[in-house]
Amino acid sequence: MAQQKLNRITLATLPTPLEDGDKLSSGSRLWVKRDDLTGLGAGGNKARKLEFLCGDAIQNGAKSLVTVGAAQSNHCRMTAAAGARLGLPTHLVLSGKKPNRLEGNQLLSQMFGATLHHTGLADTNWAGLEEFRTQLTQQLVDRGEKPHSIPIGGSTAIGAVGYALAFDEIIEQCSTQNFTADAIVFTTSSGGTHAGLVAGLARARARDPLAQLPKIIGIGVAKGTALSSRSIKDLANETLTLLNETSRATDDDVVIDPNYMGSDYAVVTQAASDAAKWAAHRGAWVLDAVYSAKGFSGLLGLDAKNEFGSNANVVFIHTGGLPSIFTSH
Ligand SMILES: Cc1ncc(COP(=O)(O)O)c(C=O)c1O
């Protein structure tokens, strides 16, 4: 099979800072990787994926972008921001009904000039939302608008390349700051961030089998998206192929902890509210209830169970999510 060429455009401000987050209750040290500060359209993890996804769109001569997500999708808002930067009309397929007044991510998406398609579907009807995206994409093709259609969360192998490179960025920053990371913890939903990090891990291990590399721990926040170790491993391996690497991820590389999700996506948990307060008071880190606070509640929960050991260095990737703080529900 011919090697697919990766096309990257600059959308993010990189590297993002890695901040010393002081001691956790076990005595381990917290580090916060500020991917909420990637810069594109109010920031967040999707900027790293969009550099490759939009690079691919431009390479293919796309004249518009289409993507899909929950009503308050950060991925949709950041795709709208990328569309604005690139001069590409952007269509967003969203769950829920059209609100009387746009808030949070929807308000920003509209400011970036995107067309919002409110489907009336439930937040967790991921299959229905994807079906709507497919139909809309076909309508745009029929109208000659040359859409580049991006699946939920931008979680394809091309998108995940952004997080394989982020893995290297983190390891390099740890080394510059004179420590070795024992674990990298983050929120996982559609799985592209997770798959990219696992690909980065497998590649680093192949380059130096003796290197001390961190455990990658995804805290799951949505049932029915990518909560399967198998699909993350497959996506990581596809990402490695795209990077022209022969190394492979193993089953043990993929750890998804589902214990901090609550009953499902976007359902508020007490642990996440407490984690958001902890982060705001300790480091002025702003975490949202749907994604980053749940991920951080996982980190604090694992630390309380002494899962990292007492003198570990634990990196939390702050994946963003600020705009949904400013919503009324
Ligand atoms: C703020 C935030 N954190 C984490 C994630 C999860 O990333 P992924 O979809 O790559 O698993 C998302 C996805 O939308 C997000 O918006």
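Start at 1 and go down the list; that is how both ligands and their atoms are numbered. Each residue takes its place number in the sequence, starting with 1.
Annotation: ligand 1 has protein neighbours N45, K46, K49, N74, S155, T187, T188, S189, S190, G191, G192, T193, Y291, T319, G320, G321, each with a heavy atom less than 4.0 angstrom from the ligand.
Ion pairing between D253 and R205 holds under the 4.0 Å rule for side-chain N and carboxylate O. Taking the charged nitrogens against the carboxylate oxygens, K233 and D251 do have a contact shorter than 4.0 Å, which makes a salt bridge.
Applying the side-chain hydrogen bond (donor to acceptor under 3.5 Å, both in side chains) rule to pairs touching residues 36-48 yields T16-R48, R34-D36, D35-R48, N45-T193, R48-E169, sequence neighbours excluded.
Hydrophobic side-chain contacts under 4.5 Å tie W278 into a cluster, directly or through other members, with L24, L30, V32, V185, I217, I219, V255, Y260, W285, L287, F296, L299, L300, L302, F308, V314, F316.
Between R203 and T246, the side chains place no donor N or O within less than 3.5 Å of an acceptor N or O (distance only, hydrogens not considered).
For the side-chain hydrogen bond (donor to acceptor under 3.5 Å, both in side chains) test, no residue two or more places apart in sequence or in another chain qualifies with N311.
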